[in-house]
Amino acid sequence: MSLEQTISRGIMEAMKARDAVRTTTLRNIKKYLIEAKTAGPGIDELPDEEVVKIISKLAKQGEESAAIYREQGREDLAAEELAQVAVMREFLPRPLTDEELVDALRSIVAECGAASARDMGRVMGIASKRLAGRADGRRIAEEVKRLLA
């Protein structure tokens, strides 16, 4: 079963369980998935990689919103955002540890034959696709810079 189908099934289960946070969160994800499918002609179902990218982006936005709410002293809204992020995280792959990230990037650098900072774009292109949803782009870029320095 694809990730998109899993989310659709999750909406029905959350509605039956009367879990408002889960229902709202999954419906929001589904809305973004539908928007992504209608953006291109003839897309019946998004590949899991695209679904993971969309959910990762939404989770990151939720965390940023929660941080802003905390700065403004609105713990109630921050807790609501973080509850939604927790639901989103259930559908994302496990994040890479620092050691796993460095190992993965070393193999990508070796695979590309990258030797200097001039090759960063090539390494980042492959790394961003391969590690999507498992590591933040900023974190990947920092490690690639360090490895190629």
Q: Is a side-chain N or O of T38 found less than 3.5 angstrom from the main chain of E35, in a donor-acceptor match?
A: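 Yes: the side chain of T38 pairs with the backbone of E35.
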Q: How close do L148 and D119 get, heavy atom to heavy atom, and via which atoms?
A: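 The pair with the smallest heavy-atom distance is CD1-C, 4.2 Å.
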Q: Does some side-chain heavy atom of I140 sit less than 4.5 Å from a side-chain heavy atom of V144?
A: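 A side-chain contact exists here, since the closest heavy-atom pair is under 4.5 Å.
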Q: About how many Å separate CG of L105 and CD of E111, when rounded to the nearest 0.5 Å?
A: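 Going from the CD atom of E111 to the CG atom of L105 covers 11.5 Å.
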Q: Please determine if D136 and K60 form a salt bridge, counting it only when a charged side-chain N lies under 4.0 Å from a carboxylate O.
A: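 Salt bridge flag = yes for K60 with D136.
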Q: Is L58 linked to I34 within one hydrophobic cluster, defined over Ile, Leu, Val, Met, Phe, Trp and Tyr using a side-chain heavy-atom separation of less than 4.5 Å?
A: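 Hydrophobic grouping puts L58 apart from I34.
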Q: Looking at every heavy atom in both I108 and A127, which two are closest together, and how far apart are they?
A: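 Heavy-atom minimum between the residues: CD1-CA, 3.7 Å.
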Q: For R146, does the CZ atom sit with more than 12 other heavy atoms under 6.0 Å from it, leaving out its own atoms?
A: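 Counting other residues, nucleotides and ligands, CZ of R146 exceeds 12 neighbours.
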Q: Do T24 and N28 have side chains that approach each other closer than 4.5 Å (heavy atoms only, starting at C-beta)?
A: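 No; the side chains remain at least 4.5 Å from each other.
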Q: Could you go through L77 and Q72, starting from their C-alpha distance and side-chain angles, then the distance that decides it, and tell me whether this counts as side-chain contact (heavy atoms from CB on, under 4.5 Å)?
A: CA-CA 10 Å; L77 295 175; Q72 296 173 347; over 6 Å; no
Q: Determine the minimum heavy-atom distance between A78 and A66, stating which atoms define it.
A: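 Residues A78 and A66, closest heavy atoms: CB-O, 3.6 Å.
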Q: State plainly whether one hydrophobic cluster holds both L92 and L131, where clusters connect Ile, Leu, Val, Met, Phe, Trp and Tyr through side-chain heavy atoms under 4.5 angstrom apart.
A: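 No; tracing contacts between hydrophobic side chains, which count when under 4.5 Å, never links both residues.
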Q: How many angstroms lie between atom CD of E4 and atom CD1 of I54, to the nearest 0.5 angstrom?
A: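 Nearest 0.5 Å value for the CD-CD1 distance: 8.5 Å.
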Q: Is it the case that over 12 heavy atoms from other parts of the model lie below 6.0 angstrom from the NZ atom of K31?
A: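 Yes, because the 6.0 Å sphere around NZ of K31 holds more than 12 heavy atoms from other groups.
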Q: Between K53 and E50, is a side-chain contact (heavy atoms from CB on, under 4.5 Å) present by the stated rule, with each step listed?
A: CA-CA 5 Å; K53 283 182 186 177; E50 285 298 314; 3.8 Å; yes
Q: For the backbone of E45 and the side chain of K37, can you confirm whether one donor and one acceptor N or O come within less than 3.5 Å of each other?
A: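 Flag not set: sc K37 to bb E45 has no pair under 3.5 Å.
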Q: Of all the heavy-atom pairs spanning M120 and A141, show the shortest one and how long it is.
A: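 Between these two residues, the closest heavy atoms are CE-O, 3.6 Å.
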Q: Side chain to side chain donor-acceptor pair (under 3.5 Å) with R94: which residues, sequence neighbours excluded?
A: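 E100.
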Q: For the hydrophobic clusters of this structure (ILVMFWY residues joined by side-chain heavy atoms under 4.5 Å, transitively), does one cluster hold both L82 and I68?
A: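 Different hydrophobic clusters.
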Q: What pair of heavy atoms forms the shortest contact from A104 to S107, and how long is it?
A: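 Minimum heavy-atom separation between A104 and S107: O-OG, 2.7 Å.
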Q: Report the residue from E64, E81, E75, E80 that forms a side-chain contact (heavy atoms from CB on, under 4.5 Å) with Y69.
A: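 With Y69 as partner, E64, E81, E75, E80 yield a single side-chain contact (heavy atoms from CB on, under 4.5 Å), made by E81.
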Q: To the nearest 0.5 Å, how far apart are OG1 in T23 and CE in M15?
A: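 Between T23 OG1 and M15 CE, I get 6.5 Å after rounding to 0.5 Å.
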Q: Can you hop from F91 to L96 via hydrophobic side chains spaced under 4.5 Å?
A: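 In one cluster: no.
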Q: Tell me whether the count of non-hydrogen atoms from other residues, nucleotides or ligands lying under 6.0 Å of CZ in R122 goes above 12.
A: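 Correct, the count exceeds 12.
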Q: As an exercise, state the distance from CZ of R89 to OG of S56, rounded to the nearest 0.5 Å.
A: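 The CZ atom of R89 sits 7.5 Å away from the OG atom of S56.
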Q: With a 4.5 Å cut-off on side-chain heavy atoms, are I29 and V51 touching?
A: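 No, their side chains stay 4.5 Å or more apart.
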Q: Applying a strict under-4.5 Å side-chain criterion to I, L, V, M, F, W and Y, I'd like to know whether L26 and V85 cluster together.
A: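 As far as the 4.5 Å side-chain criterion goes, V85 and L26 are not connected within one cluster.
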Q: If every non-hydrogen atom of G137 is compared with every non-hydrogen atom of M124, which pair is closest and at what distance?
A: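 Looking at all heavy atoms of both residues, the shortest contact is O-CE, 4.1 Å.
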Q: Applying side-chain contact (heavy atoms from CB on, under 4.5 Å), name anything that partners D48, two or more places apart in sequence or on another chain.
A: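 Testing D48 for side-chain contact (heavy atoms from CB on, under 4.5 Å), a comparison that skips the adjacent residues, returns S2, L3.
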Q: Rounded at 0.5 Å granularity, tell me how far CD in E90 sits from CD1 in I7.
A: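 So the gap between those two atoms works out to 10.5 Å.
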Q: Got more than 12 heavy atoms from elsewhere within 6.0 Å of CZ, R9?
A: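 12 or below, so no.
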